Amino acid sequence: MFKKILVANRGEIAVRILRACREMGIASVAVYSEADRRALHTRLADEAVFIGTAPADQSYLSIERILQAARQTGAEAVHPGYGFLSENAGFARAVKQAGLVFIGPPAEAIEAMGDKGAARQRMQSSGVPVVPGYQGPDDDATLVRKAAQIGFPLLVKAAAGGGGKGMRVVNEAGELEEAIAGARREAHHAFGDQRMILERYIPRARHIEMQVLADAHGNVLHLFERECSVQRRHQKIIEESPSPFIDEELRRRIAGSALLAARAVGYQNAGTVEFIVDPECREYYFLEMNTRLQVEHPVTELVAGLDLVQWQIRIAAGERLPFTQAELSQRGHAIECRLYAEDPANNFLPATGPLLRFVEPQGPGVRVDAGYTSGDAVTIHYDPLIAKVIAWSGDRPGAIAKMLAALRETVLLGLTHNGQFLQDVLGDPDFQAGQVWTTWVEDKFGDWQPPQCELPPEVLAAGALLRLQGQADASNAEPSGADPYSPWRNASSFRVGKGGV
Amino acid sequence: MFKKILVANRGEIAVRILRACREMGIASVAVYSEADRRALHTRLADEAVFIGTAPADQSYLSIERILQAARQTGAEAVHPGYGFLSENAGFARAVKQAGLVFIGPPAEAIEAMGDKGAARQRMQSSGVPVVPGYQGPDDDATLVRKAAQIGFPLLVKAAAGGGGKGMRVVNEAGELEEAIAGARREAHHAFGDQRMILERYIPRARHIEMQVLADAHGNVLHLFERECSVQRRHQKIIEESPSPFIDEELRRRIAGSALLAARAVGYQNAGTVEFIVDPECREYYFLEMNTRLQVEHPVTELVAGLDLVQWQIRIAAGERLPFTQAELSQRGHAIECRLYAEDPANNFLPATGPLLRFVEPQGPGVRVDAGYTSGDAVTIHYDPLIAKVIAWSGDRPGAIAKMLAALRETVLLGLTHNGQFLQDVLGDPDFQAGQVWTTWVEDKFGDWQPPQCELPPEVLAAGALLRLQGQADASNAEPSGADPYSPWRNASSFRVGKGGV
Amino acid sequence: MRDRFQSRDRIYEVSLERQGEAYRAVVDGQAFDLELIDSQAGVLTVRFNGRPAIIYYAPDGSSLWLSQGGCTYRMDKPSQRRNPSTGEAGGGQAVHSPMPAQVRAVQVGEGDVVEKGDTLLLLEAMKMEIRVKSPAAGRVKRLLVSNGQAVERDQILAEIGD
Amino acid sequence: MRDRFQSRDRIYEVSLERQGEAYRAVVDGQAFDLELIDSQAGVLTVRFNGRPAIIYYAPDGSSLWLSQGGCTYRMDKPSQRRNPSTGEAGGGQAVHSPMPAQVRAVQVGEGDVVEKGDTLLLLEAMKMEIRVKSPAAGRVKRLLVSNGQAVERDQILAEIGD
């Protein structure tokens, strides 16, 4: 087993991986940018190395600086988390060339799945069903011609894409060219690659994905499905396992295709094969394979009873999976909600600001994967995901009830976030009946407003009491710029160092 | 299902039950004594009723006041938690006579198991193996005579006992009379009943107990074992499931006896049949049945995948258990550590004091059941249990590693506690090999001292820095008596009301 | 004590009167019993008409954030709250930034004639591109930001006039 | 700055010297780099010789509680710490309460002759009975508590003399 691992990421996923290292007795190295000098992940690691300024391309996307940090600390392996360099084959290769182990799939598997067009072809020829569409030379004129053949609505999608970036739904031919241009720009910024593919758009489609786990000894297993149909801006906000939609027979078929897909590219380590399922005909189609850990991996961990991050590390260290497919099973039901700094009443646009107070929910069956604590700030530089709240219960209604109770207990003061919105989605009869699709949030909650616009009298009375006691005004209580939670009068003079975002 | 439940308890178990109510959509009523005016359980409930002064017999043991609170709030059912009135058949009966539902077994089952002597006899005649011993007329002279027949070492044990109270190990005849007198006094204070029984003392015995769950329709199931051999002062401090000692065959036999015991007394609801196992001959003996929820129920919840408190409520409401024994299984391994306000270097005597700061550990697979938060105080009046930390992992070494990581993350400032001691026990090779018995803690850790008597340099440097910044002295920072965490200068004038313990 | 608060354009009147160890609160004309149980580290525990309530709070300048039962509120002193949506600046129609972001591309110049819905500029934040469109047909009267500039939410980016 | 601390009868010397934005700490003669990253709500984040460390703290009168990596420490100013175990009070041998408790029964009277190990009195706390035994053979010189009285940990309960 490795003695020391470098975690090439930030936020909740870096914290998650650092905890796994700690439990396995492996020393950990965090890397951080200027903006993250005091971030949770830099504090939880055994060592923390500064790698650059706030913009990701100067820090978390800098292969050179990350490898330098690994060399400097004597790390033996690198965990990329998700996002950033996690699906960058060049990074996987550079890690290997530096004599380190990349905790993820072989660079060839990343490459094979990274180009959405090539992956579509490969899957087609491997017998995995794909959505009707087009991949190939992608000059605008060709795309316009191919689009006409496929018909509308259709999806314009970055060949190098992921996470819903560089993707547009096009409802009619007139919108096509601007959509292609916009998707190309977004893809260029996000991935440095503006190649596009086209896919038929399936209305009311469900997003169902299969977690796979493959070791270096030829064992390829699946850890069942996750349903992630509750999305906004093509990004998931609520995920669950098992899916309330599929039955045992469909699960078996989709899992079979997922294993076929993983084997086709010589996959190793943890990965996810995403499918869309047409609810009318119950046909499913390969969407893409995410060659990394997913944000929503906790729901699988709770239902399958396995620690995916620890298995990623063990597989990278050459260990053999000690269980067979038949020994794995789903138990109970898990739901994950993503707490984002964003405004659901303003097109879900990201928000920034200080986390003046963040209190995580507690109680049996509730798990919180957070990357922030009170006193931190969400900045313009990185993803606005603050924390994931995950609830497990014996059945789906129990898990929904537990999640609602957990969200009601969550406190998040200082910026706009989607906590109230998530509660409304969970309380919706369609959601409770499991009747959702990938545009359901837009269709149903497009004009959502916080339902409790009226302040309840106890909150107003509390506010009045705070004012009465002279405690409601920051300027009245502390010199400006001071940490409002510092127990000390002279706290304002206390924060030193280069920190501060 | 009930619309409103009163929780007749305090501390972590009251909080645990209140959370279950919340998730089930049941309104909750807390009761509290003068000392608990601002306690966590009174804050989390939908309603909270004051029932008396701090001494338990004036509040949490007052049947009349608790029933009055139930009437006043319109509660339909009463959950007694553990301790206090939970094994008081008179209370169960009074609840029923008041037209309410007691969330626990029938009064007759409590009575049948409550008298340790009668229970021994009943178990013997039902074919459940019991430890050789004596129950019957218990004047001192008879006990001395019977003790001589049983031989030493033996146990003097309160017939009405539980939780290790009113119990003495007697190594030789000369100690017997003082032991009987002491046990009688303790039992009198604890249970108002000083009758004693005798049992042969089995050296290096293991404490293994079976969780049972029985509905009102004749279904009696077991939820597997817990091993609770790590004890001090006859009280458990670390519990786990599965037991590292028993094998499938012994598990089957013990479970069979547990179901026999439960059926023999017409048991309903959740209960625990405790056994001691002689490690030499692998024989097991009935010890007692706890006719209530146990402190250590979370390890079973995690391994069996069921919410015991919710099932208690459902069973009390007349629901039928929807699963069969064959559908239940153990998955992974769970360990619980009890964080006590006590001094392990001073005979584990209880400590009191303020919880100036309490930070719960976090991360996947870690559960904390706590009854206190920062700012609370542990007083002389009630049990010194602060919180339970529970860790689940795929196997026992993983669970131990996770628990160690969790305890290292736990912060508990302001009073003496056993956090460091628990870490040392978990790190002990005997514990890691599963080689423990009920007096193992005394045998191995009798002269335990905190291993890190030397302050590490980073802590000393931090202390010096705090002094430099003028932050290390409460009197310097806040007027005395003020909440040290208040963000406000004028906080000292702010705490009002009758609170304060 | 009598106080007025503003939240989302609505103004509330609250008065508090000490009664022994508790308070009588009158909120928009309705009376309640308010008992303060505990206050520490930004958490207020009260009984409100006898019912326990935990209210978390954090001051933020002259505003006050409050959280109870999973809902988050921001209370302002009346009249202090800027109200960006009714922005008529300099006679033209103001175009606001929908989020904190960086200006990626300015696609028009001052004086340009635009149609309603024409893209004026592109913003980016957290790797997301936002297209800011013209709210009306007219002329770009003023352009207040330039390429690469960081902007706050609700900051005026441009003005469209006749 | 130079400081001295006491913890469990051991005295430590620490000096801190500002060096740019960081400090040089000398602890019992050994030098370390100390960089303060953040301080809030009773949590100090530092890098100590380049390694991150999170240290929680809480002042308690003139003492300071500290927690790091699962270990809890209490630091006192030297000489302030009362040291109850070396209690020779009034010429006799002091008997201390091992825990905060209530006196349940006083089983001896002043002037009584006791053997080492004889039970002097019974205490109770959290439903647990504690037997306080005589540390030596002798005479009960003074009895300082009575039935029902609440006592603190380390409070002197009685004195045994010759």
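Per chain, numbering begins at 1; letters A, B, ... match sequence-line order. Since the model is a prediction, treat every value here as computed from it, not as a measurement.
Nearest approach of B:A187 to B:A158, heavy atoms of both residues: CB-CB, 3.6 Å. In terms of heavy-atom proximity, B:L85 sits nearest to B:L61 at CD2-O, 3.8 Å.
Looking at B:A351, only its backbone comes within 4.5 Å of chain D, counting heavy atoms on both sides. Only the side chain of D:T119 comes within less than 4.5 Å of a heavy atom of chain B; its backbone N, CA, C and O stay farther away. With a threshold of 4.5 angstrom between heavy atoms, B:D343 approaches chain D through side-chain atoms but not through N, CA, C or O. Interface residue B:L415: only backbone heavy atoms are found under 4.5 Å from chain D. Contact of B:L407 with chain D is made through the backbone alone, with heavy-atom distances under 4.5 Å. At a 4.5 Å heavy-atom cutoff, D:I54 makes no contact with chain B through either its backbone or its side chain. Residue D:R2 does not touch chain B at all, counting heavy-atom pairs closer than 4.5 Å.
When each of B:T416, B:V411, B:T352, B:L412 is scored by its heavy-atom pairs under 4.5 Å with chain D, the top score falls to B:V411. Per-residue counts of heavy-atom pairs under 4.5 Å with chain D were compared for B:P350, B:G182, B:A56; the largest is that of B:P350. With chain B as the partner, the residue from D:D28, D:L122, D:V46 showing the most heavy-atom pairs under 4.5 Å is D:L122.
By the 4.5 Å heavy-atom criterion applied to side chains, D:F5 and B:L455 are not counted as neighbours.
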